[in-house]
Amino acid sequence: GEVEVLHWWTSGGEAKSVAVLKQMMEQQGHSWKDFAVAGGGGESAMTVLKTRVVSGNAPTAAQIKGHDIQEWAELDYLANLDEVAKKEGWEQSVPSVVTDIMKYDSHYVAVPVNVHRVNWLWANPAVFEKAGAKIPTNLDEFFVAADKLKAAGVIPLAQGGQPWQEATLFEAVALEILGSADYRKAFVDHDMAVLKGKKMVEALTIFKKMKGYTDQAASGRDWNIATNMVITGQAGMQIMGDWAKGEFIAAGKKPGVDFVCVPAPGTQGQFTFNVDSFAMFKQKDKGAMAAQNDLAKTILTPEFQEVFNLNKGSIPVRTDMDLSKFDQCALDSMDTFKASATSGDLVPSFAHGMATTSAIQGAMYDVLTNYYNSDNISAQDTANLLADVVEDAM
Amino acid sequence: MAKLDLIDIRKTYPKSDLETLKGINISIEPGEFLILVGPSGCGKSTLMNTIAGLEDISSGEIRINDVDVSGLAPKDRDIAMVFQSYALYPNMTVRENMAFGLKIRKTPTTEIDAEIKRVSELLQIDHLLDRKPSQLSGGQQQRVAMGRALARRPKLYLFDEPLSNLDAKLRVEMRTEVKKLHQRLGTTIVYVTHDQIEAMTLADRIAVMKAGEVQQLGSPYEIYNHPTNMFVAGFMGSPSMNFVPITVLENSDAHACTELTGSDGKAQLLALPDKLKTYVGKKLMLGLRPEHISQQLSHHSETDLISAARFNIEILEPTGPETIAQITINDHAVHCRLAPDLSITAGQDLDLMIDVSKASFFDPDSERNILL
Amino acid sequence: MAKLDLIDIRKTYPKSDLETLKGINISIEPGEFLILVGPSGCGKSTLMNTIAGLEDISSGEIRINDVDVSGLAPKDRDIAMVFQSYALYPNMTVRENMAFGLKIRKTPTTEIDAEIKRVSELLQIDHLLDRKPSQLSGGQQQRVAMGRALARRPKLYLFDEPLSNLDAKLRVEMRTEVKKLHQRLGTTIVYVTHDQIEAMTLADRIAVMKAGEVQQLGSPYEIYNHPTNMFVAGFMGSPSMNFVPITVLENSDAHACTELTGSDGKAQLLALPDKLKTYVGKKLMLGLRPEHISQQLSHHSETDLISAARFNIEILEPTGPETIAQITINDHAVHCRLAPDLSITAGQDLDLMIDVSKASFFDPDSERNILL
Amino acid sequence: MPVTHTNTPAPLASTTPWQDKMQVWLPKLILSPTIVVTLICVYGFVIWTGLLSFTKSRFLPQFDFVGWRQYERLLNNDRWITACENLLIFGGLFIAICLLIGVLLAIFLDQKIQQEGMIRTIYLYPMALSFIVTGTAWKWILNPGLGLENLVHQMGFTDFKFDWLVNSDMAVYTLVIAAVWQSSGFVMALFLAGLRGIDSSIINAAQIDGASKPRIYWSIILPCLRPVFFSAIIILSHLAIKSFDLVTALTSGGPGYSSDLPALFMYSHSFTRGQMGLGAASAIMMLAGILAILVPYLYSELRGKRNA
Amino acid sequence: MHSSSTSQGENGLGRWLIYGVLALMALVYLLPLFVMLVTSFKTGTDIRTGSLISLPQEWVTDSWQAAWGTACTGVTCDGIKGYFWNSIKMVVPAVLISTFIGAFNGYVISKWRFKGSDLFFSLMLFGCFLPFQLVLLPMAAMLGKLGLANTTTGLVLVHVIYGVAFTTLFFRNYYINVPDELVKAAKLDGAGFFTIFWAILLPISKPIIMVTIIWQFTSIWNDFLFGVVYSGADSQPITVALNNLVNTSTGVKAYNVDMAAAIIAALPTLFVYFVAGKYFVRGLTAGSVKG
Ligand SMILES: Nc1ncnc2c1ncn2[C@@H]1O[C@H](COP(=O)(O)OP(=O)(O)OP(=O)(O)O)[C@@H](O)[C@H]1O
Ligand SMILES: Nc1ncnc2c1ncn2[C@@H]1O[C@H](COP(=O)(O)OP(=O)(O)OP(=O)(O)O)[C@@H](O)[C@H]1O
Ligand SMILES: [Mg+2]
Ligand SMILES: [Mg+2]
């Protein structure tokens, strides 16, 4: 049968990874129809997906992640993958934090592709050395180091001024300040008390303080440009998910030598995850359904997981894989992933749609970005506002 | 040749609160040349358009050869029209312009060619056949517009100010051409013009319109010499008829007469037709055409109705074939036509002959001609 | 009042390969009323524009009061102009249109108001002062255009066909107005017109142009009665001068004469002025105005140069004040002016008087008047 | 009277009453597909959106009605308020500056300029490019670190500061710059066409009246171009209201949401935020704004025709 | 003789000023294009180190080749060349059909007015102002019902539907200035509805057809929103490919390739403007401005 896959992986490494998937599907006798829509972290793709579903012409699979899977499933557009899951033993090989997201009403409706760790700090050791600074492991150290970097004339923190990047930064700070439990209460369960609480205010204050260590031209900057600033030594460090690694590698840098990856300050042992996944849409055609199942199966094969994640910088969703080809950052990531899964320190990234609905996520973006970019609103007011908009959007 | 009857035609444009045509009744005989005149905006073009079927009528009936055509589409009325603005098809050559109507009627090509040859020679535009309208002078364009109408043989021709944009010389030529054409083809023609010479020389009958109503319908002679009201009287003729307010008096012989006061304040008696005896003591409007006040001609004896009087010549305008002089009668400026070879200068007094036999008299209130 | 000298004005439009003005020489006296006439496209407007400074001249000199103004901008020449197309400022009211030129010259407001009042009353547009041009009829617009020029007191007025769009009646009125105005103000005026009556009645002198050259410059009388060539002769007068090819003969009395052949083929002798004796045996063009061929008048004795002859009347066109008849002489159509009250129908023969004393004679090749 | 032509006039190929009726119905018939499509695809969809704005639709349209709730939320939404304010600033400045530049360039170009065709094309070409194409270039040029500011710094003027793109208070003005760059050439073309259409004798008359060139333009020509101004303003405001690509490409509404515009607000709420009801409400508010502009235009359009 | 001073009495200084302003503005207008051009010829490092408008240290055309033939736009990495044809297949029919319908509509609205036609025209103008984001979903539902979802035909249909408001406006404003007498004359000549259109009006519509085609061509060619939403997987227009090429979620941005691709994608519209641009002002002059 034919699979039509809607995704927004169009740049070099990503495209090559998808090409592998395509190839594997074709080897199984299926044809692959590619529907790529890049831009804005999938915003355009979402629009396309919605219109296609409304026109009764849903693709076989679409790159949907996090909470959106639940929304689509609730509207009864997604296919049931329980059979494949059972046959392939997903329950055994994939941690339940991940499979929970893939299930609606305890049925599989989506297939995870990879796991990103979001709470990374990327640093250029050469710059740190020159400034006499130490790569920070907690927030206090962060500010000490940042001051030193600043004094040395480099931008301490490379940042891209887009709401999702700001949210990524905030999320890392909030995880440290609130701790995993309160983080979850605030961003997953939307506990008003926590949202308005003192810790939230503190997190916001630190978040704003960090802005003082970014450069002024950050607004609108793409994340990879920010990464490049670290690579070229213009900036000292960046807090960004593990996809930033690709940028270092592409620039010919070696992990541990030319750049280092450490957990975002104070979040050692904690893991903010961002899982990419494909949701499978209901098909009428038998052949298409078979192909769909094969696609789901193929995605979770160790072969594909390895190729894909090597390319993308993330780690496989399967915890039972041979990781010999992966680099240190990935290995660290995997270790933390496994450990935190049991310790409760594995939290969904709200900045990447893992924690909550897009409505609430968007509302929070608005509040955060406005707070971050404007000088006339206090942290307390922002916390209150955050609670208000979340409540309104619920 | 067709008979055309307009029966109580009324027309109100949509979105307009005024009636543009207020009940037009005209019967046009087969082969007749009818001219419509009237001031701008009186509804001449509207009437033409309704006849052609380009505008609907609000009420009334249009009959061609006794068949009511009011409901027919323009193309089924078998009418050709020449528009004031030429309305040549800019994308077609002169030949194509003229052939268009024939082609649509599926006339055989050879016939079309013959027809175009005939018409273009007639109008002296045969050397222009392959030009586009934009390459023609105004006069040439006008002739092409005529040609387009003439190439067909409709029951009825409508001409809406077809010569208005020509220069004086070409206009005279084309006028003669139209006249000849009508004599040869004998087709019924309705023709709108602003030009009085055109109206007088071409028409079998003239309809003078004002504000959507026919004021007078008659032969050029009737219109010129026996206007029914002051509007018609003043509209035809250039310089136009002089209107002088008078009071009818009775002279010693019990004949009707009146007093004319010149610019010097002296009153002179003017004999009036005896028909006016009933109006003695009443105020009337005397309508005198300029040519009825002229220098004394030795052979013209002073008869009953041709009186001599002396006036001061205020302005003299020699036009070549004649000289227009302005005098004042009863405080009104009055134009007279004098011979060009008269040796006289402005400011002098001159003996003038006033020919009241051809004068018209109007009621000052109703403005109607009281002698008709 | 200003003197205007045009000295060998030449003008070639850029991108044009033809010279539009081919050396114009005219001296206009202070207070003179000069009229330019000529066929469409002969360069009248171009000449006006060069005088105003709206077009550069290619060579020559324009002097106002003996000062060369060729290099000056229009605004510095102190000229007012009325454009054929009115050229009213569509965004301004009538009042503002008239005030614009004065405002720019920083005339005090009270003075402007007074001036506008004066001019608008003169032109009968004082009730229109607050309207926009788009709300005016053509005739009203034309008067506003005049008013705009008259509100100023420039050295020189240029009028480019200022009355061309008026209807016949208004035209006569306005013509009189212009004449009065000129007499009152005494300003120098250059005036373009297509209308021959206008030219004849208004001008002190007329310049007849053709293809960028002045053909004749003279008083209306000279132009009408002594045209220098066939072009001028044919251009002035309506219906225009009749041209009849003749061969000069000598009669038994040794006087010059010629034979005229009517449509019936019968030849009749016509006496010619004796000055033509030198042309005996030669072919000439006889130029006869329509009014010089008329019905027999009892008081006109047949003198040397007024001959009677009998012709077949082919077409009769009564125009009201007169009747135009067409006859054929020497195979050429000839128009004559007859009295309107003549009882005659087309096709009849009629005795006509031909007044050769006022005829012009032209060399058929050079087309020049041989008697001048 | 002699009739020289004896052949009877060729009657029109006989037409049946049915064909005549056709002629009456044809115009309506021709227009009817457009009428139907317009009614459905413009008005139908607007009504549909209107309905949607009264529902609590989130992820996809659903019809649980909640009354004016979405409008209340909208009016309480800071971002929407900002977006509307921005539209006023952006729209006002964009239209004003485009008109100014357009008029000026048109007047200059109308002075019998050599190479007019080439210059005109240069001014017009931005219209040919989409913002997906030029957005990146503008982002660079306006970016303090990369573009103009950096350039001037390199030239030695280190005090020069041009950080509008990244300044919350000024970001909306960068939209104006880029939008003006794209559209002013078109406005220039409109005005140039208008100027070419002006009767030159009016200008001559003004010269004779003694007016200087600037005075002629100011007092006569510009007032005469009123209809062009009107067309231009309508087209520009339609561009301003619809501008979406521009914001997405240049600022994505940032920093924060300081340069957000209603079209972007509506899009992101309807499609990426799962707030379809709110998005629909904002769309309806936008349409109401457009109506406020369009109705006077149509009014003057229809009235103007009657006068003409 | 007087060639030194023009009749306008302008001095040389004023002219210099005019030329100066015109040239300066031309530079401003050209700046983004210039930046795009030079960038497309630079190497990656050159871009990172050099300044925005500095010329490339070494001119390379790699990025052009990449943009055309090897850059990734999805699972395939064949550049944007394949999408060119997709766009053409969509633009040509959409432009022709919408122009054609607009011409007919304008003809009816200006020359065959009937009760309600003016009202309809007003209603239709409103269509010009409709934010397209609003119609995405209902239109999708409709296309789905018609079975045209994600087909080139469907995409063409959408462009036609929302382009017709503008094309009708253009043609109506143009035809309103064509004298009614022309139509009347043709009616009397026996021409019917279609004959009048084909034989009389269409032949004189060249300027406005050019304006309409230019307008429609650029707006449809440059459209992204409809293109991405309503196209099929194998019929995506070039703007979608360009968008995919330019937007990367992970990995290195190759600005030189982006710029080269952007220029390539804009070539047809630029071509249309350069070739037909002179008709643009002429066509606007011919009446469409006056409203
Ligand atoms: N389509 C129309 N709608 C409304 N009123 C109209 C229309 N056409 C003409 N009129 C009005 O009808 C009246 C008569 O117009 P018409 O064109 O018949 O005048 P006319 O006698 O031909 O004038 P002219 O000599 O100037 O050509 C005028 O007042 C005019 O304004
Ligand atoms: N701007 C121009 N460029 C080139 N040729 C021109 C220009 N203006 C006028 N002409 C030509 O110069 C000649 C004289 O034109 P002009 O307008 O002076 O004629 P005119 O005598 O005023 O005619 P009319 O009586 O029709 O107004 C014409 O042949 C015309 O085509
Ligand atoms: Mg009329
Ligand atoms: Mg002229």
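No experiment lies behind these values; they were computed from the predicted model shown. Throughout, protein chains are lettered first and strands after them, A, B, ... in sequence-line order, and every chain is numbered starting at 1.
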Please classify the contact between [X] and chain D as side chain, backbone, both or neither, with a heavy-atom cut-off of under 4.5 Å.
| X | answer |
| --- | --- |
| A:Tyr365 | side chain |
| A:Ala363 | backbone |
| A:Val54 | side chain |

Please round to the nearest 0.5 Å and tell me the distance separating atom [atom1] of [X] and atom [atom2] of [Y].
| X | Y | atom1 | atom2 | result |
| --- | --- | --- | --- | --- |
| D:Asp260 | A:Asp366 | CG | CG | 8.0 Å |
| D:Arg58 | A:Ser358 | CZ | OG | 9.0 Å |
| A:Trp72 | D:Leu60 | CH2 | CG | 4.5 Å |
| D:Asn77 | A:Asp392 | CG | CG | 8.0 Å |
| A:Asn370 | D:Arg79 | CG | CZ | 10.5 Å |

Looking only at heavy atoms and a cut-off of under 4.5 Å, which of A:Leu385, A:Thr369, A:Asp68 has the most pairs with chain D?
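Among A:Leu385, A:Thr369, A:Asp68, the one with the most close pairs to chain D is A:Thr369.
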
Apply side-chain contact (heavy atoms from CB on, under 4.5 Å) to D:Tyr267 and A:Thr47, showing your working.
CA-CA 9 Å; D:Tyr267 178 79; A:Thr47 311; 2.6 Å; yes

Does atom NZ (D:Lys56) have a neighbourhood of more than 12 heavy atoms from anything else shown, all under 6.0 Å?
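For D:Lys56, atom NZ is not crowded (no more than 12 foreign heavy atoms under 6.0 Å).
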
Within the supplied structure, the quantity of interest is the number of heavy atoms (other residues, nucleotides, ligands) at a distance under 6.0 Å from D:Gln62 CD; does it exceed 12?
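Check passes, neighbour count above 12.
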
Is D:Ser258 close to chain A through its backbone or its side chain, or both, or neither, when contacts mean heavy atoms under 4.5 Å?
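Interface part for D:Ser258: neither.
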
Backbone N or O of D:Phe59 within a donor-acceptor pair of the A:Lys50 side chain at under 3.5 Å?
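Looks like yes, one N/O pair under 3.5 Å.
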
Donor-acceptor pair, side chain of D:Arg273 and main chain of A:Ala359, under 3.5 angstrom:
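Here the side-chain-to-backbone pair does not exist.
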
